[in-house]
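Take a look at the structure set out below.
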Amino acid sequence: MKLAFPTLFVKDIERSKDFYTGVMGFRITMDSGVYAIFDGSVSIWQRDSIRDVVGLSDIPEEGARCELCFESRDIEMDYENFKKSGTVIVNELAEQPWRQLVFRALDPDGHLIEVGEPLNFTVRRLFISGMSDEEISESTTIPVDTVRVMKEQD
């Protein structure tokens with residue numbers, strides 16, 4: 001068994017499709033009108049329709065019940081796209097305690113979206129700044145052997 005993709009319950013599927021295609025840059029791979037899958041990474045259900053499908057009568061109305069984590073190979077550009085779109089930014093782009101560059105925002109239904117640079121980008125950025133493998137390991141909590149491998153990953 002493997003996880004195919006998480007599904008979010010949304011109030012307005014058209015608004016959410018606009019967000020995930022326009023702001024996040026995903027492509028819709030399947031759209032039934034009340035259900036959509038994006039690039040095999042996440043899917044959305046129109047909240048009112050899911051009640052009939054799964055037989056639930058009480059689906060929470062508010063978001064932020066989970067955090068969806070995404071990686072960005074161009075985090076500064078994606079951060080600016082989020083800001084320009086008027087998306088609610090929860091945490092500005094900043095280096096986290098484990099040294100990864102990350103920002104957080106809310107989708108139209110209040111689901112928490114985290115966007116971070118890939119950890120191998122973090123490792124390379126720290127290495128280029130002059131840190132040793134051991135210093136990178138200590139500041140990121142990534143084991144030294146993994147740091148050495150990540151420095152070479154693309």
Side-chain angles (χ1 to χ4, degrees), residues 1-47 49-50 53-54 59-129 131 136-137 139-143 145-154:
M1 185 183 311
K2 71 174 192 164
L3 177 64
F5 41 80
T7 299
L8 303 173
F9 303 134
V10 300
K11 290 180 187 175
D12 182 339
I13 196 157
E14 293 304 321
R15 181 181 69 172
S16 291
K17 285 192 286 190
D18 289 346
F19 174 80
Y20 283 96
T21 58
V23 178
M24 299 287 295
F26 293 158
R27 186 177 59 85
I28 296 174
T29 57
M30 199 281 290
D31 186 350
S32 73
V34 296
Y35 178 73
I37 299 173
F38 301 94
D39 297 319
S41 60
V42 67
S43 65
I44 56 175
W45 266 105
Q46 178 71 40
R47 185 176 293 144
S49 299
I50 192 70
V53 173
V54 298
I59 295 174
E61 294 294 321
E62 297 302 318
R65 294 172 302 280
C66 66
E67 177 180 72
L68 298 177
C69 300
F70 298 91
E71 288 186 338
S72 170
R73 296 175 70 87
D74 192 345
I75 195 159
E76 290 88 2
M77 180 191 72
D78 287 330
Y79 175 67
E80 289 305 318
N81 286 341
F82 270 69
K83 286 181 71 167
K84 287 178 190 171
S85 75
T87 300
V88 174
I89 303 294
V90 176
N91 300 126
E92 300 292 329
L93 179 60
E95 192 174 84
Q96 301 300 291
W98 58 93
R99 306 297 302 270
Q100 182 183 31
L101 292 176
V102 169
F103 69 90
R104 291 178 186 84
L106 298 177
D107 81 355
D109 286 273
H111 298 105
L112 191 59
I113 305 291
E114 175 187 291
V115 182
E117 68 182 344
L119 284 174
N120 62 315
F121 281 37
T122 303
V123 167
R124 274 201 311 265
R125 181 171 48 80
L126 297 174
F127 180 71
I128 290 168
S129 77
M131 293 177 75
I136 294 170
S137 175
S139 69
T140 63
T141 72
I142 299 170
D145 291 341
T146 305
V147 165
R148 291 184 179 123
V149 170
M150 291 178 109
K151 282 189 333 192
E152 306 303 321
Q153 292 176 334
D154 189 23

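Keep in mind that what you see is a predicted model, and the values were worked out from it rather than measured.
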Spatial distance of atom CG (L101) from atom CD (E76) [nearest 0.5 Å]
6.5 Å

Let me confirm one number: the CD1-CZ distance from I128 to F121, rounded to the nearest 0.5 Å.
10.5 Å

Tightest non-hydrogen contact, residues K17 and D31, listed as NZ-OD2, 2.7 Å

Show the nearest heavy-atom pair for residues G116 and V102, with the distance to one decimal.
CA-CG2, 3.9 Å

Does I75 reach the side chain of D78, with side-chain heavy atoms less than 4.5 Å apart?
no

is_close_aromatic(W45, Y35), centroid dist under 6.0 Å
yes

Within the distance-only criterion (no hydrogens, no angle test), does the side chain of N81 pair as donor or acceptor with the backbone N or O of V23 below 3.5 angstrom?
no

Has D109 got a side-chain atom pairing as donor or acceptor with K11's backbone, closer than 3.5 angstrom?
yes

Are a donor atom and an acceptor atom from the side chains of S16 and D107 found within less than 3.5 Å of each other?
no

When you compare the side chain of R125 with that of T122, does any pair of heavy atoms fall below 4.5 Å?
yes

Find the distance between CG (L68) and CD (E114) and round it off to the nearest 0.5 Å.
10.0 Å

Drop me the distance from E117's CD to D74's CG, to the nearest 0.5 angstrom.
11.0 Å

Check the orientation of F38 and F26. Use parallel for under 30°, tilted for 30 to 60°, and perpendicular for over 60°.
tilted

Any side-chain donor-acceptor pair under 3.5 Å between W98 and Q100?
yes

Quick one: pull up CG in L112 and CG in L106 and give me the separation to the nearest 0.5 Å.
6.0 Å

Please report the interatomic distance CG(L126) to OG1(T140), rounded to the nearest 0.5 Å.
7.0 Å

Can you check whether M24 reaches V42 side chain to side chain, under 4.5 Å on heavy atoms?
no

Check this for me: does any side-chain nitrogen of one of D18 and R15 sit under 4.0 Å from a carboxylate oxygen of the other?
no

Might you point out which heavy atoms bring A36 and I13 nearest each other, and give the distance in Å?
N-CD1, 4.3 Å

So, do Y20 and L8 sit near enough that their side-chain heavy atoms are less than 4.5 Å apart?
yes

